[in-house]
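One structure below.
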Number of protein chains: 2
Amino acid sequence: MTRVDGRVERGNRTRRLVLRRTVEIASVEGLEALTVGRLAAELELSKSGVFALFGSKQELQLATIREAVRIYTERVLRPAAETPPGLGRLWRLCELWLEYSRSRVFPGGCFFYGAMAEFDARTGPVHDAVVRAQRDWSAHVERTVEEARTAGELRAGTDVAQLAFELVALLETANALSVLHDEESAYGRARVAIAERLRGAAAEGVPLPQSP
Amino acid sequence: MTRVDGRVERGNRTRRLVLRRTVEIASVEGLEALTVGRLAAELELSKSGVFALFGSKQELQLATIREAVRIYTERVLRPAAETPPGLGRLWRLCELWLEYSRSRVFPGGCFFYGAMAEFDARTGPVHDAVVRAQRDWSAHVERTVEEARTAGELRAGTDVAQLAFELVALLETANALSVLHDEESAYGRARVAIAERLRGAAAEGVPLPQSP
DNA sequence: CCTACCGATCGGTAGG
DNA sequence: CCTACCGATCGGTAGG
């Protein structure tokens, strides 16, 4: 059925090559800055060659978002899952996130911060994909908070969604200010605020795993 | 000296007309989406007419940022200055900010959220103008916190910059999530978190002016 | 010599 | 993946 002539494999390799570059460009200049002509020139391919791999500019943007989700999952969500559920995992998740932003896994900082701001007030499939990515991330944080509550490590009256909102706000803003002003002090502020907030929400006798 | 032939006045009026539209477009689609041809078409002017008013696309972007700063100052900073310095003014500043975002003074939400994300990782005069606007806003929040501390309404050991960072994070994220998901619950979360944070930082016996 | 525009067009590039 | 093109639009400027 499938002719093994190397063309499909070569296409997949080129596709990965293109996506490695598009997540970088999009994190710095936005998803609208992804143009087929520019990618072709930079990667020494033809415009129509790049175009054929994705079919449209919108598909290129959607594939770039999927690639960013993949990288983000591998760098933040997967390692945090190695820590047992509870306050320790929640704290680890926040630390991994700050390290993901600070180490510039994407050269323009958190990929989704830029994508959210770029497409938040528009409509269409790209907007929807960005909304889904943010919703999944918020839901993941809420689930991690809920695990800690179920494990008895948070006060009984803890508002899970409220705590998750505050953690996301501190993380996201650390990234935003750090990239904008090209300095790292915002990460320290976020870390201090998160530790303080978790300390306040922790049940009696539950210490934070690694206080800063 | 100045010939009163109405042409200068007409130019100023057209300039204000253009800027009223550019802050709207930029808040939804970004500062790069400002094109002379599009503005000319929408406002039924000639391209060269629009062009002559600003001299270059970059000047159009810079003028748009200045106009947004003017509107922001009028809507948020100026009304807050009517409340006497202290915790009351700080709380009022946060409330005015949330109302500025929620009422969509700019149709795409806070103008500077989008501009920051768009130009944070680039270089040049537009980047610099955005950095300056954010720095001015952070400095204003810090000054307002410092006033409250000086007035004896905050605990002596309060870290002014840390508190300002946390307030900015909660405000900014309320705007971001509200615009992205087109719903208002994030404003309530920010309000709850800010009230709680200010309650924790308040000196003994100092009540919050309007608890939610 | 100034301004605020006009219709037309410059060299290049966009998505397809 | 290629060359060869399209309709349109980009930022910017010409003379009047």
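A note on names: the letters A, B, ... follow the listed sequences, proteins ahead of strands, and every chain is numbered from 1.
With pairs defined as Watson-Crick or G-U wobble and both atom distances under 3.5 Å, not a single stem of at least three pairs touches DNA chain C.
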Which atom pairs, donor and acceptor, lie under 3.5 Å between side-chain atoms of residues 103-111 of chain B and protein residues at least two apart or in another chain?
| from | atom 1 | to | atom 2 | distance (Å) |
| --- | --- | --- | --- | --- |
| B:S103 | OG | B:E99 | O | 2.8 |
| B:R104 | NH1 | B:S101 | O | 2.7 |
| B:R104 | NH1 | B:Y187 | OH | 3.0 |
| B:R104 | NH2 | B:S178 | OG | 3.0 |

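Between B:R132 and B:D128, some side-chain heavy-atom pair lies under the 4.5 Å cut-off. Between A:V130 and A:D120, every side-chain heavy-atom pair lies at or beyond the 4.5 Å cut-off. Side-chain contact between A:L31 and A:I25 is absent, with no heavy-atom pair separated by less than 4.5 Å. Contact of the B:D136 side chain with the B:V69 side chain is not registered, since no non-hydrogen atoms from C-beta on lie closer than 4.5 Å. Between B:L171 and B:I194, the closest side-chain pair of non-hydrogen atoms falls below 4.5 Å.
Between A:T22 atom OG1 and A:R38 atom CZ the span is 11.0 Å, to the nearest 0.5 Å. How far NE2 of B:H181 is from CD of A:Q134: 4.0 Å, rounded to the nearest 0.5 Å.
Computed from coordinates, the B:F54 CZ to D:dT13 P distance equals 16 Å when rounded to whole Å. Going from atom NZ of B:K57 over to atom C1' of D:dG12 covers 12 Å, rounded to whole Å. In this structure, B:Q61 places its CD atom 9 Å from P of D:dG11, rounding to the nearest Å. The CG atom of B:L39 sits 17 Å away from the C1' atom of C:dA4 (whole-angstrom rounding). Computed from coordinates, the B:N12 CG to C:dT3 P distance equals 12 Å when rounded to whole Å. One interatomic measurement links the two molecules: CZ of B:R38 to P of D:dG11, which rounds to 11 Å at whole-angstrom precision. Rounded to an integer number of Å, the gap from A:L53 CG to C:dG16 P is 15 Å. One atom, CZ of B:R15, and another, P of C:dT3, lie 13 Å apart when rounded to the nearest Å.
Between the side chain of A:S48 and the base of D:dT3 there is at least one donor-acceptor pair of N/O atoms closer than 3.5 Å. Counting distance only, with no hydrogens placed and no angle test, the side-chain atoms of B:K47 and the base atoms of D:dG12 include a donor-acceptor pair under 3.5 Å.
Comparing the P positions of D:dG12 and C:dA8 gives a spacing of 22 Å, expressed to the nearest Å. D:dA4 and C:dG16: their P atoms are spaced 22 Å apart (whole Å).
For A:S56, the listed nucleotide lying nearest its side chain is C:dG16; candidates were C:dG16, D:dC1, C:dA4.
Between B:T14 and the phosphate of C:dC5, there is a side-chain N or O to OP1/OP2 separation shorter than 4.0 Å.
Shown are B:Y113, B:Y72, B:Y100; of these, the ring pair (Phe, Tyr, Trp, His ring centres under 6.0 Å) with B:W137 is made only by B:Y72.
Scanning residues 19-35 of chain A for heavy-atom distances under 4.0 Å to DNA chain C yields A:L34, A:T35.
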